[in-house]
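Encoded as structure tokens, the structure appears first; notes follow it.
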Amino acid sequence: MTDLTQKYLKECIEYNPETGLITWRNRPLHHFKDAIRKKSWNNKHAGKKAGCVYTYKLYTFSYIRINKKLYTASRVIWLYMTGDWPEHHIDHIDRDSTNNRWENLRDVPQSINLKNKTKYKNNTSGYTGIRETKNGRYIANYLDEDKRRYRTFDDLQSAIEFRRKGIREVGGYTIDHGGLSHD
């Protein structure tokens with residue numbers, strides 16, 4: 001995995017669990033080749049916000065680069081707070097991948113993470129798990145255990161009913177997952 005440890009990480013950054021903000025610390029000499037590099041780096045970075053927000057295709061994430069290696073901020077925060085790398089995926093409970101407040105993060109298997117997914121930005125049906133095909137039909141899907149269940153429909157309402165019934169039976173989906181309520 002990586003040789004980044006909680007001890008080393010806490011020498012690099014300060015994390016505020018209430019705001020999710022990560023700032024650079026004044027890093028010690030043993031992080032650098034010499035005192036000149038230490039002074040230069042600390043003058044430029046110490047006390048400033050660490051990391052950046054990056055959007056790739058449909059995904060937006062917060063990243064942080066430590067010793068020339070790029071990490072997702074949420075995984076670094078997990079190490080910072082627990083002393084261990086996450087076992088699975090870090091799920092942002094409110095589905096905002098830039099909201100790194102500690103109470104908003106949880107380590108869950110991908111199957112659970114997918115049940116808390118927001119709809120894609122390019123979604124044309126208006127519902128998570130339902131996409132419109134080029135010929136005007138609708139493909140609805142949901143996750144049952146680790147298997148994706150899907151069907152094609154001629155109308156949107158039938159696709160919505162199929163997906164709504166499926167996620168109700170399977171359970172584990174968040175109540176506002178993609179705008180489909182579980183009434």
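In this chain, residues are counted from 1 in sequence order.
For F153 and F162, the ring centers are positioned less than 6.0 Å apart.
A 4.5 Å side-chain heavy-atom check between T72 and W78 finds every atom pair outside the cut-off. Looking only at side-chain heavy atoms (C-beta outward), Y80 and I22 stay at 4.5 Å or farther from each other. Between C12 and H31, some side-chain heavy-atom pair lies under the 4.5 Å cut-off.
The same ILVMFWY cluster, assembled from side-chain heavy atoms under 4.5 Å apart, contains both I77 and I66. There is no path of hydrophobic side-chain contacts, each under 4.5 Å, that joins W24 to L21. In this structure, L70 is a member of the same hydrophobic cluster as F61, with clusters built from ILVMFWY side-chain heavy atoms closer than 4.5 Å.
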Quick one: do Q157 and Y138 satisfy side-chain contact (heavy atoms from CB on, under 4.5 Å)? Show the steps, please. CA-CA 9 Å; Q157 193 56 43; Y138 296 89; over 6 Å; no
Under the criterion side-chain contact (heavy atoms from CB on, under 4.5 Å), I'd like the reasoning laid out for T23 against K48: C-alpha separation, chi angles, the key distance, then a yes or no. CA-CA 5 Å; T23 53; K48 294 184 180 163; over 6 Å; no
Could you check D84 against T82 for side-chain hydrogen bond (donor to acceptor under 3.5 Å, both in side chains), going step by step and ending with a plain yes or no? CA-CA 5 Å; D84 295 311; T82 68; 4.8 Å; no
Applying side-chain hydrogen bond (donor to acceptor under 3.5 Å, both in side chains), run through N100 and H92 and close with a yes or a no. CA-CA 8 Å; N100 286 313; H92 291 78; 2.9 Å; yes
Would you please test Y54 and Y63 for side-chain contact (heavy atoms from CB on, under 4.5 Å) and show each step? CA-CA 7 Å; Y54 178 71; Y63 286 94; 3.7 Å; yes
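With no hydrogens or angles considered, a side-chain donor-acceptor pair links T98 and D96 at under 3.5 Å. N99 and R101 form a side-chain donor-acceptor contact under 3.5 Å, judged by distance and modelled atom types alone. For the residue pair S158/D155, the side-chain donor-acceptor check at 3.5 Å is satisfied.
Atom CG of N42 and atom CG of N26 lie 4.0 Å apart (nearest 0.5 Å). For the atom pair CZ (R106) and CG (D91), the distance works out to 4.5 Å, reported to the nearest 0.5 Å. Atom OH of Y71 and atom CG of L79 lie 9.0 Å apart (nearest 0.5 Å). In this structure, the separation between CD1 on I93 and CG on N104 is 5.5 Å, given to the nearest 0.5 Å. How far CZ of R164 is from CD1 of I130: 8.5 Å, rounded to the nearest 0.5 Å. Rounded to the nearest 0.5 Å, atoms CZ (R163) and CG (N141) are 6.0 Å apart.
Under the 4.0 Å criterion applied to side-chain N and carboxylate O atoms, E11 and K7 are assigned as salt-bridge partners.
In terms of heavy-atom proximity, K33 sits nearest to R37 at CB-NH1, 3.5 Å. Across all non-hydrogen atoms, the minimal contact from I13 to I64 is CG2-CD1, 3.8 Å. The shortest non-hydrogen separation linking A159 to A140 is O-CB, 3.5 Å. V53 and S62 get closest at one heavy-atom pair: CG2-OG, 4.0 Å. Here the shortest heavy-atom pairing between R27 and K38 reads O-CE, 3.4 Å.
Annotation: salt bridge (Lys or Arg N to Asp or Glu O under 4.0 Å) contacts of E18 (sequence neighbours excluded): none. For Y150, the ring-ring contact (aromatic ring centres under 6.0 Å, His included) criterion is met by no residue, not counting sequence neighbours.
The aromatic rings of Y8 and H30 sit perpendicular, their planes meeting at an angle over 60°, well past the 30° parallel limit.
Annotation: K10, atom NZ; neighbour count of heavy atoms from other residues, nucleotides and ligands within 6.0 Å is above 12.
The cationic group of R75 does not satisfy the cation-pi geometry with W85, failing either the under 6.0 Å distance to the six-membered ring centre or the 45° limit from the ring axis.
Put simply, the side chain of D107 gets close to the backbone of E87: a donor and an acceptor are under 3.5 Å apart.
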